[in-house]
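Report on the following structure.
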Amino acid sequence: MNSNDNPFASDQGGYGAQTVGFGAAGNGAAQPAPAMGGAAAGDLIKDTTTADFQQDVIAESRNQPVLVDFWAPWCGPCRQLTPRIEAAVKQAGGKVKLVKMNIDDHPAIPGQMGVQSIPAVVAFHNGQPVDGFMGAVPDSQLNEFIAKLAGASRGDDKEKAVEQALGAAEAALEAGDTGQAAQIYQMILQQVPDNAAAYAGLAGMLLDAGETAQAKQMVEGAPEGIAESVELGSIKARLELAEKVAGLGDPAELERRLAEKPDDHDARFDLAQIRAATGDRAAAADLLLEIMKADREWREDGARLELLKFFEAWGPTDPATLKARRKLSALLFR
């Protein structure tokens, strides 16, 4: 697979070769898992198949975090990364497990998850993807990633305070108190200027308020350490959608076209992007799924590819993403 085809690659504002958090607004870090001191290496590392993925990863991640290493025999960076991640998992002493999946032999799972470039490592905890990275990251980042996942750094008072503040900001947003949420994000950034969750949270609030230019300015001026974070990647994707929507026309006119001609997939596609940009995520996903049901080859599978872009913009744990992924899987594998 070519990294140029990867919608999550760093030059497209997504993963890059760095640690990323799957959870929304920085809550993607896994909770501490009970140690399994003395576990044998054979218990910590194994290969899996499509049939065994549910048991080896989803079910097992309810006991302790599980790393899934998506690889292929022809992938040179995979051959570099896998021995190092195996060593790091062993060194963690049973706090995390490693499951390896050959994407050539078992393409369904990585396909459903939108993995298009390898090596790709995704961490699962409590049955859900919570963190991940792509590329053969250096040992320092790898060890930091596993330490965070295992809960080794959870005792840090400052980190706990930041996590609690992020939770308070999310609660304020859910309650509609945008002023309080903005104040909390700004307070966090005064203490930790490169906190990706707070920075993206503030930029996202500007975008929600229609201050597109200011949101774009924030993204372009982001600190180097978080410029390619998944949180900022989500804001970038939303900005790209907003720019597209600006030239798509009147949604009422598009709906009229669909009423007169239900197979007008161009109108349906444009309407999906407008719905996504205006926050109606479920409707946006359903419109693209309708195109796929009617014509999978339309625009060279353009509806599915656009839906994957929506997933990136919304985040993998967003309810709209989860619901649409289930519908997509049912459609693809029926």
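Just so it is clear, the model here is predicted, and its values are computed rather than measured.
- Nearest heavy-atom pair, A136 versus Q80, reported as atom, atom and distance to 0.1 Å: CB-OE1, 4.5 Å.
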Check step by step if side chain to side chain contact (heavy atoms under 4.5 Å, CB included) holds for V99 and L67.
CA-CA 6 Å; V99 171; L67 301 180; over 6 Å; no
Using the side chain to side chain contact (heavy atoms under 4.5 Å, CB included) rule, take R257 and D266 through it: C-alpha gap first, then chi angles, then the decisive distance, then the call.
CA-CA 10 Å; R257 284 171 53 185; D266 289 311; 4.2 Å; yes
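- In this structure, K100 NZ and D56 CG are separated by 12.5 Å, a value rounded to the nearest 0.5 Å.
- Ion pairing between D208 and R238 holds under the 4.0 Å rule for side-chain N and carboxylate O.
- Sparse packing is recorded around CD of Q217, with 12 or fewer heavy atoms of other residues, nucleotides or ligands lying under 6.0 Å away.
- Annotation: the span from D318 atom CG to R281 atom CZ amounts to 4.5 Å, rounded to 0.5 Å.
- Looking only at side-chain heavy atoms (C-beta outward), I235 and E231 stay at 4.5 Å or farther from each other.
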Using side-chain hydrogen bond (donor to acceptor under 3.5 Å, both in side chains), reason through D69 and T82 one step at a time and then give a plain yes or no.
CA-CA 8 Å; D69 178 12; T82 298; 2.9 Å; yes
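- The side chain to side chain contact (heavy atoms under 4.5 Å, CB included) test with D286 is passed by exactly one of R275, K323, K327, R268: K327.
- Using a 4.5 Å heavy-atom threshold, the side chains of Y185 and M205 count as touching.
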Just do the side chain to side chain contact (heavy atoms under 4.5 Å, CB included) check on V96 and F145 with the steps written out, would you?
CA-CA 11 Å; V96 298; F145 175 80; over 6 Å; no
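- Distance check: E255 CD to I274 CD1 gives 9.0 Å after rounding to the nearest 0.5 Å.
- Contact record, Q273 with F310: CA-CZ, 4.0 Å, taken as the closest heavy-atom pair.
- In this structure, R299 forms a cation-pi arrangement with F269, its terminal cationic atom sitting closer than 6.0 Å to the ring centre and no more than 45° off the ring axis.
- In this structure, S61 contributes its side chain and G127 its backbone to a donor-acceptor pair below 3.5 Å.
- Across I188 and A165, no two heavy atoms sit closer than the pair CD1-CB, 3.6 Å.
- With contacts defined as side-chain heavy-atom distances shorter than 4.5 Å, the pair K216/E220 qualifies.
- Counting heavy-atom neighbours within 6.0 Å of Q91 CD, excluding the residue itself, gives a total of 12 or less.
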Give the C-alpha distance, both sets of side-chain angles, the deciding distance and a yes or no for salt bridge (charged side-chain N to carboxylate O under 4.0 Å, His left out) between E297 and R304.
CA-CA 10 Å; E297 302 303 318; R304 184 184 67 85; over 6 Å; no
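- Within the 4.5 Å cutoff, no side-chain heavy atoms of L44 are placed close to those of L98.
- Between A198 and L166 the shortest heavy-atom distance is N-CD2, 3.9 Å.
- For D295, there are no salt bridge (charged side-chain N to carboxylate O under 4.0 Å, His left out) partners at least two apart in sequence or on another chain.
- Nearest heavy-atom pair, A108 versus T50, reported as atom, atom and distance to 0.1 Å: CB-CG2, 4.3 Å.
- Proximity of E60 to K97: side-chain heavy atoms (C-beta onward) are separated by under 4.5 Å at one or more points.
- Under the 4.5 Å side-chain contact rule for hydrophobic residues, I109 and W71 do not share a cluster.
- Within the model, atoms OG1 of T321 and CD of E312 stand 10.5 Å from one another, a figure rounded to the nearest 0.5 Å.
- Not a single ring-ring contact (aromatic ring centres under 6.0 Å, His included) links F70 to another residue, sequence neighbours left out.
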Under the side chain to side chain contact (heavy atoms under 4.5 Å, CB included) criterion, do M292 and L332 qualify, and how do the steps go?
CA-CA 9 Å; M292 292 182 63; L332 293 175; 3.9 Å; yes
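- Looking only at side-chain heavy atoms (C-beta outward), V121 and L81 come within less than 4.5 Å of each other.
- Taking CG of L331 as the reference point, atom CG of L307 lies at 10.0 Å (rounded to 0.5 Å).
- Of the inter-residue distances, the one linking L232 atom CG with Y199 atom OH reads 7.0 Å to the nearest 0.5 angstrom.
- Follow the hydrophobic side-chain contacts under 4.5 Å out from M113 and you reach I58 in the same cluster.
- In this structure, P77 and P119 approach most closely via the heavy-atom pair CB-CD, 3.6 Å.
- Considering only heavy atoms from C-beta on, L173 stays 4.5 Å or farther from D177 through its side chain.
- Side-chain contact between P223 and I226: present, with at least one pair of heavy atoms (C-beta onward) separated by less than 4.5 Å.
- A salt bridge is defined here as a Lys NZ or Arg NE, NH1 or NH2 lying under 4.0 Å from an Asp or Glu carboxylate O, and R256 with E260 meets this definition.
- Looking at K46 and D52, no side-chain N of the basic residue comes within less than 4.0 Å of a carboxylate O on the acidic one, giving no salt bridge.
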